[in-house]
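We use all heavy atoms of the structure for the numbers below, so side chains are in, but hydrogens, waters and symmetry mates are not.
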Amino acid sequence: MTSLFLSIFLAVSIHLFSMAGVALLFGIKVNSISIGYGPKILRLKNLTLSLLPFGGYVRMQDSRVESLDEQDHVHAFDKKSRLIRALIPFSGCFSLFIVSAFFLGNMATFEFYSGINQITSGALHPISIGSTYIANAINFANNNAPTIVFSFVAIKLCALNSLPLPILNGGQIIMELLELPEKINEILFKIGAIIFLLLLTCWGVAAFSSVSQ
């Protein structure tokens, strides 16, 4: 279990720092990076570390959510081209795919597509399929080298973030490229957030079912 948690933490960190790095590369100011959720265990300048390493976020300067002087617009996310805005979330997924492929080779592509199937089928059938996936993941983590465990966690996290939900990288890429009106973006984001919450709830049921067995 320790190996699994450390792998999740490392994969999430790579994912977030990759996006922050690409943002800085294009002159976008990064206000904060938060790794994990729940109780905060460490705060270092703009970096926050929380107890549960199951996600996080990169908060960039954006004139749509904060008041900026005209001279600060050059460092705002929303003032960059749609290609640059799409490239930042893409870099999060791409970095996870690359580190996974380094250890898994061509198998990374197969595991990516199977990951999308596992995430959706496990959510649709949390007790029968999802709980089995979780039990298998724990067993896999307990019986394989840390590098292999990390590789599989990274590629599955890549698959999750590639889903076309606005709260995830896949949806963010689509929305930035389409450059839809703000009102439509807000509606799509709310719908995506509800779907993502349902996804997490289903996997919560799967986890509870797996522990109860």
Side-chain angles (χ1 to χ4, degrees), residues 1-16 18-19 34-38 50-57 89-174 191-213:
M1 281 293 287
T2 303
S3 162
L4 188 58
F5 272 88
L6 286 175
S7 295
I8 293 171
F9 172 77
L10 182 56
V12 168
S13 299
I14 289 172
H15 176 246
L16 296 175
S18 295
M19 290 193 293
S34 180
I35 302 173
Y37 297 105
S50 298
L51 185 62
L52 303 174
F54 302 112
Y57 60 83
F90 173 80
S91 68
C93 289
F94 185 67
S95 63
L96 290 174
F97 185 87
I98 290 299
V99 295
S100 179
F102 179 80
F103 295 104
L104 299 179
N106 292 334
M107 193 189 300
T109 302
F110 171 79
E111 292 299 334
F112 171 79
Y113 288 111
S114 69
I116 293 176
N117 177 64
Q118 289 163 347
I119 291 163
T120 52
S121 62
L124 290 172
H125 308 280
I127 296 176
S128 58
I129 298 177
S131 61
T132 302
Y133 283 152
I134 290 175
N136 290 344
I138 294 172
N139 184 60
F140 180 85
N142 291 333
N143 292 282
N144 283 276
T147 52
I148 297 300
V149 175
F150 164 71
S151 303
F152 274 84
V153 167
I155 200 63
K156 301 308 178 183
L157 184 61
C158 176
L160 172 63
N161 274 284
S162 297
L163 295 177
L165 297 176
I167 201 169
L168 299 173
N169 292 154
Q172 291 166 0
I173 293 168
I174 294 170
I191 294 172
I194 292 170
I195 295 172
F196 186 65
L197 184 60
L198 288 173
L199 185 73
L200 291 181
T201 302
C202 290
W203 276 99
V205 171
F208 179 78
S209 177
S210 177
V211 171
S212 301
Q213 290 176 359

Are the side chains of [Y] and [X] in contact, using a 4.5 Å heavy-atom criterion?
X	Y	answer
Cys158	Phe112	yes
Ser151	Phe102	no
Phe9	Phe150	no

Shortest non-hydrogen contact from [X] to [Y]?
X	Y	result
Ser50	Gly36	CB-C, 3.6 Å
Ala141	Leu4	CB-CB, 3.9 Å
Asn161	Cys93	CB-SG, 3.6 Å
Ile134	Ala206	CD1-C, 3.7 Å
Ile174	Pro164	CD1-CB, 3.9 Å
Ser209	Ile127	OG-CG2, 3.7 Å

For Ile195, side chain to side chain contact (heavy atoms under 4.5 Å, CB included) partners two or more places apart:
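Side chain to side chain contact (heavy atoms under 4.5 Å, CB included) check on Ile195 returns Leu165, Ile191.
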How would you list, by chain and number, every residue that makes a side chain to side chain contact (heavy atoms under 4.5 Å, CB included) with Ile98, sequence neighbours excluded?
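With sequence neighbours excluded, Ile98 shows a side chain to side chain contact (heavy atoms under 4.5 Å, CB included) to Phe94, given in chain and number order.
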Taking it one step at a time, do His15 and Asn169 satisfy side chain to side chain contact (heavy atoms under 4.5 Å, CB included)?
CA-CA 10 Å; His15 176 246; Asn169 292 154; 2.5 Å; yes
From [X] [atom1] over to [Y] [atom2], what is the distance, rounded to the nearest 0.5 angstrom?
X	Y	atom1	atom2	result
Met19	Ser95	CE	OG	8.0 Å
Ile35	Tyr57	CD1	OH	11.0 Å
Leu199	Ile119	CG	CD1	7.5 Å
Ile116	Tyr113	CD1	OH	7.0 Å
Leu157	Phe97	CG	CZ	14.0 Å
Ser162	Leu168	OG	CG	9.0 Å

State whether the side chain of Ser100 and the backbone N or O of Leu96 hold a donor-acceptor pair below 3.5 Å, judged by distance alone.
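Not at all, since once roles are kept as given, no pair shorter than 3.5 Å links the two residues.
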Keeping Tyr37 on the side-chain end and Gly56 on the backbone end, is there a donor-acceptor pair under 3.5 Å?
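Pair found, side chain donor or acceptor close to backbone of Gly56.
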Could you list the residues that satisfy side-chain hydrogen bond (donor to acceptor under 3.5 Å, both in side chains) with Asn139, not counting sequence neighbours?
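side-chain hydrogen bond (donor to acceptor under 3.5 Å, both in side chains) check on Asn139 returns Asn143.
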With sequence neighbours excluded, what pairs up with Ser7 under the side-chain hydrogen bond (donor to acceptor under 3.5 Å, both in side chains) test?
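In terms of side-chain hydrogen bond (donor to acceptor under 3.5 Å, both in side chains), with neighbours along the sequence ignored, Ser7 is linked to no residue.
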Under a plain distance cut-off of 3.5 Å, with no hydrogens placed, do Lys156 and Ser114 share a side-chain donor-acceptor pair?
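There is such a pair between these side chains.
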Do Ser210 and Ser131 meet the criterion of a side-chain donor-acceptor pair at a distance under 3.5 Å?
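No, Ser131 and Ser210 have no side-chain donor paired with an acceptor closer than 3.5 Å.
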Got a sec, which residues hit ring-ring contact (aromatic ring centres under 6.0 Å, His included) with Phe152, two or more places apart in sequence or on another chain?
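Here the qualifying residues are Phe140.
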By ring-ring contact (aromatic ring centres under 6.0 Å, His included), which residues pair with Phe54, not counting sequence neighbours?
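By the ring-ring contact (aromatic ring centres under 6.0 Å, His included) rule, Phe54 matches Phe5.
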